[in-house]
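Heavy-atom basis, side chains included; hydrogens, waters and symmetry copies ignored.
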Amino acid sequence: MSAVAVGAVLVGSLAACGGGGSSDASDDDSITMGFAQVGAESGWRTANTKSIKDTAKQEGVTLKFSDAQQKQENQIKAIRSYIQQKVDVIAFSPVVETGWDTVLQEAKRAKIPVILTDRSVDSDDTSLYETFLGSDFVLEGEKAGDWLVENADEADTDKNGAVKVVQLEGTTGAAPAIDRAEGFKEKISADPRIEITASQTGDFTRDGGKKVMESFLKSQPDIDVVYAHNDDMGLGAIEAIEAAGKTPGTDIKIITVDAVKDGMTALAAGKINFIVECNPLLGPQLMDLAKKVVNGEDVPERVVTEETTFDQEQAKAALPDRQY
């Protein structure tokens, strides 16, 4: 893991109740985990999946893995399958925030602990899961907004006193899309010159980002900044901007979230101006938490990964050792 993305910060003074699961395994005993992944929509997700699979193998955890292809119904089906198979622990990264109570109640009745990874759920009943492992998406949006406020003069490319932003949103209803938009909006409100003139989902995919950006370039004549909720959509936007005869990073400033290798390469080349890191290498922390909850140990309600931000020179320095 990159030196700037190591360790974990434990957030929350209260401890979640260890559910014990369906196994009385000791630390040395093998456990079985059912993991329901969102999909393979981005470079970030690919790195996240690899980290989980590799660490499970290293730690002797039997992993039952499913790819939901960004559909909630597929994740619910997978979770119910894991319950029927009586796995020791279930982990998943929710496609969207809502609609999980019923299936999580089923896991609770089966006494199988659940760990949320990367994305949270919107539920009043926090007893349905043991802990959340991932990033602070609101903070990520705030970091992006802070950078734009600090660089508003440069972002005002036509020097007309207004900074017009188009936003490439993540999957509708997904926690990172909701929170990254919220944090960004809160911070840019400090500068009345900055305005989001259009916002549309690109589903966290490069192709989605390209298509939405093509549409924005036709409907929005004066775009100063693109704020993309992940690198892949930002990379798609770059393709659209270049096809329109403009220079990404110069004619239109670009801010993204993730800091995967392709994004960092574009940042180092000056095509992206600023990236907020979202660390996908959650495997080691996830397996550690899984063993603890299966053994009935208390764990923090929330485990938040430590992350940073990158400008062009920082990206150049980090790239040689980048693992994702």
Can you find a pair of side-chain heavy atoms, one from Ile241 and one from Ile254, that are under 4.5 Å apart? yes

If we ignore angles and hydrogens, is there a donor and acceptor under 3.5 Å between the side chains of Thr102 and Glu106? no

Ile194 side, atom CD1; Tyr227 side, atom OH - distance, nearest 0.5 Å: 13.0 Å

Would you please test Asp231 and Thr256 for side chain to side chain donor-acceptor pair (under 3.5 Å) and show each step? CA-CA 5 Å; Asp231 287 347; Thr256 67; 2.7 Å; yes

Report the C-alpha separation of Gln37 and Thr49 in whole Å, then their side-chain angles, then the decisive distance to 0.1 Å, and conclude whether the side chain to side chain donor-acceptor pair (under 3.5 Å) test is met. CA-CA 8 Å; Gln37 183 61 284; Thr49 292; 2.9 Å; yes

pair Val121-Leu128: side-chain heavy atoms closer than 4.5 Å: no

Distance alone, cut at 3.5 Å: any donor-acceptor contact between the side chains of Glu301 and Thr131? no

Which heavy atom in Ala56 sits nearest to a heavy atom in Met287, and how many Å separate them? CB-CE, 3.7 Å

With Arg45 as partner, the option from Asp67, Asp118, Asp258 fulfilling side chain to side chain donor-acceptor pair (under 3.5 Å) is Asp118

Any Pro176 side-chain heavy atom under 4.5 Å of Phe204 side chain: yes

Kindly indicate whether a cation-pi arrangement holds for Lys64 with Phe35, taking the cut-offs as under 6.0 Å to the six-membered ring centre and within 45° of the axis. no

Looking only at side chains, do Gln167 and Ser199 share a donor and an acceptor under 3.5 Å apart? yes

So, do Phe184 and Trp147 have ring centers that fall under 6.0 Å from each other? no

Less than 3.5 Å apart, any donor N or O on the side chain of Thr197 or Glu195 sitting next to an acceptor on the other? no

How about Asp101 and Ser123: does a side-chain donor come under 3.5 Å of a side-chain acceptor? yes

Is it true that the NZ or CZ of Arg80 lies under 6.0 Å from the centre of Tyr82's six-membered ring and within 45 degrees of the ring axis? no

Are Lys164 and Gln220 packed together at the side-chain level, in the sense that at least one heavy-atom pair is separated by less than 4.5 angstrom? no

